[in-house]
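Please read the structure below before turning to the comments.
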Amino acid sequence: MIVTPQLKNQHLLWRAGFGPMAEEYQQLATATNKSYINSLFKASAKSPEMIDVADSALKGLVMGVKEVSNAQKRDLDEDQRRKMRQQSREDIKSLNITWLNQMVNSEQQLREKMALFWHGHFASRNLNILYQQQLLDIIRQNALGNFGDLLRDVSKSASMLNFLNNNQNKKGHPNENFAREVMELFTMGRGNYTENDIKEAARAFTGWGANISGEFAFRKFQHDDGQKTVLGKTGNYDGDDVLNILLEHKQTATYITRKIYRYFVNDVPDEAHVTWLADRFYSNYDIKELMKDIFTSDWFYDAKNIGSRIKSPVELIVGIRRALPMKLENEQVQLLLQRLLGQILFYPPNVAGWPGGKNWIDSSSLMFRLRIPQLIYDNDEVGLAPKDDDDQMMGMKDMAGKGMGKMGKKGGQVISAAVDWETYLNKFEKVPREKLLSAISGILIQGVVPVDEKILSKYVDSSSRESFIKSATIQLMSTPEYQLC
């Protein structure tokens, strides 16, 4: 396969973002790869605004409890807890859709793609909408910043401290869960520390907690201020000291670099490339510079790294919406799509996040993935029912039911989408008829093996130029090759 400038730019847009929008198609062949890289980072330089969808009544309830005097102060009563849980579930759905729309429409493609990576790396399931949107804001703000700052802010977030039980981590009764996951999943990786390191680190994190509104709270009377030994270093450490020790250990830079390489380059890491990247990353933990090193390296555009990754469900959904400008009448149907495909934002399967790679695909999910473009084109209904896994979903098993929007005749959810075909068709107005299929395929499909045009032409409507472009686009999006980036 010849890696043309157009293919380089397309590859960059899929890996560093969620694929090109319709209006970017003509730029792919004319812009230089260097200019695309520069514009990518420039667009993502500005700090994003916080996504705040929490119900005002819920915020008022929380603030009311927080502001009562110490003599009267009590935790939420059961009725308040029930109302908070119910409203939080609805607000988390809104947070999901709002962030998804941001991924589709934002010019800050690299920032949102990095935030999606960190969302899986710092995985947290928490039914509290205030905590969830605070953690998302931390991740989006620091997505291209300093990894040390990101690690510290996440570690002090109410979402993570509660999810990993550190509110129960007290002097004389340490809870090791938080310390274990910080070492195993967030920094060094399994096998690079001892059980005693975890026990000692847990003592250092005693007293770390958060108040009801999500603010970090250090409870000094619950903190063990005795001497600890962590990774061979001894002192009267607190949690910040332990995080610094982990950052000083080069294994942390290597672990993070390898994970980013697998997410953005190839599921099978080239260890020589990982070592080179990690050496540079370790000097300052600058995430932006690490990503620049990746995107400006010739090997990033090697044929073996193009079309080698399976798109995650979120990448697939967002990519389709960017490729085909559309307005969804019932946006919440995307929650059902996420659930059927195995990746619901804010509901990772566990603290390790989504495993990714080939785990995204099985015989059932692949067939459904291939049907999604046609469902959108036909405004058809999703007849599949997700598995009843309410323990994992924490009360979200009604996600495919009540309040989801338009129902079909068969009882399924209708994907009611109005595609702006005029905008899409205009991008191909200068392409000769005999080159249309190749042009559309060149934009939508990556990989070494091209789609067989002779086979594809059998399923394309050739009655008019417009019908040809529409049907060819949907058919190409319905191929296994479109599942790759």
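Both backbone and side-chain heavy atoms feed into the values below; hydrogens, waters and symmetry mates do not. If you're wondering where the values come from, they're calculated on a predicted model, not measured in any experiment.
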Inset, instruction - With sequence neighbours excluded, tell me which residues meet salt bridge (charged side-chain N to carboxylate O under 4.0 Å, His left out) with Arg219. - result: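 Per chain and number, Arg219 pairs via salt bridge (charged side-chain N to carboxylate O under 4.0 Å, His left out) with no residue.
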Where does the angle between the aromatic ring planes of [X] and [Y] fall among parallel (under 30°), tilted (30 to 60°) and perpendicular (over 60°)?
{"X": "Trp421", "Y": "Tyr377", "value": "perpendicular"}
{"X": "Trp99", "Y": "Phe346", "value": "tilted"}
{"X": "Tyr255", "Y": "His121", "value": "tilted"}
{"X": "Phe216", "Y": "Trp208", "value": "perpendicular"}
{"X": "Tyr261", "Y": "Trp299", "value": "tilted"}

Please determine, by modelled atom types, if [X] and [Y] share a side-chain donor-acceptor pair under 3.5 angstrom.
{"X": "Glu329", "Y": "Ser416", "value": "yes"}
{"X": "Asn244", "Y": "Arg152", "value": "yes"}
{"X": "Asn175", "Y": "Asn165", "value": "no"}
{"X": "Asp149", "Y": "Asn142", "value": "no"}

Mind checking side-chain contact (heavy atoms from CB on, under 4.5 Å) for [X] and listing every partner two or more places apart, or none if nothing turns up?
{"X": "Ser39", "answer": "Tyr36"}
{"X": "Glu176", "answer": "Arg180, Ile198, Lys199, Ala202"}
{"X": "Ala418", "answer": "none"}
{"X": "Thr206", "answer": "Asn169, His223, Asp224"}

Inset, instruction - Using a cut-off of 6.0 Å, state whether more than 12 heavy atoms not belonging to Glu107 lie near its atom CD. - result: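 Counting neighbours around CD of Glu107, 12 or fewer heavy atoms of other residues, nucleotides or ligands fall under 6.0 Å, so no.
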Inset, instruction - Give a yes or no on this: more than 12 heavy atoms of other residues, nucleotides or ligands lie within 6.0 Å of atom NZ of Lys83. - result: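 12 or below, so no.
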Inset, instruction - Taking the six-membered ring for Trp and the full ring for Phe, Tyr or His, determine whether the centres of His11 and Phe300 are under 6.0 Å apart. - result: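 Between Phe300 and His11, which both carry aromatic rings, the centre distance is below 6.0 Å.
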[X]: what forms a side-chain hydrogen bond (donor to acceptor under 3.5 Å, both in side chains) with it, not counting sequence neighbours?
{"X": "Gln102", "value": "none"}
{"X": "Lys311", "value": "none"}
{"X": "Lys470", "value": "Glu466"}
{"X": "Thr473", "value": "Tyr424"}

Inset, instruction - Side-chain contact test, heavy atoms from C-beta onward, threshold under 4.5 Å: evaluate it for Ile440 versus Ile469 and give yes or no. - result: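 Yes - at least one pair of side-chain heavy atoms lies under 4.5 Å apart.
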Inset, instruction - Sequence neighbours left out, what passes ring pair (Phe, Tyr, Trp, His ring centres under 6.0 Å) with Tyr263? Give chain and number order. - result: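 Tyr263 satisfies ring pair (Phe, Tyr, Trp, His ring centres under 6.0 Å) with Phe117 only.
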Inset, instruction - Would you verify whether the NZ or CZ of Lys427 falls within 45 degrees of the ring axis of Tyr25 while also being under 6.0 Å from that six-membered ring's centre? - result: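 That pair does not qualify as a cation-pi contact.
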Inset, instruction - Determine, for Asp52 against Lys59, whether the closest basic-nitrogen to carboxylate-oxygen distance falls under 4.0 angstrom. - result: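 Judged by the 4.0 Å cut-off on N to carboxylate O distance, Asp52 and Lys59 do form a salt bridge.
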Legend entry - Pairwise side-chain hydrogen bond (donor to acceptor under 3.5 Å, both in side chains) hits with a residue in residues 285-295, at least two apart: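 Residue pairs with at least one partner in residues 285-295: Arg280-Asp293.
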Inset, instruction - Scan for salt bridge (charged side-chain N to carboxylate O under 4.0 Å, His left out) pairs involving residues 362-374, sequence neighbours excluded, and state none if there are none. - result: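 Every pair satisfying salt bridge (charged side-chain N to carboxylate O under 4.0 Å, His left out) with a residue in residues 362-374: there are none.
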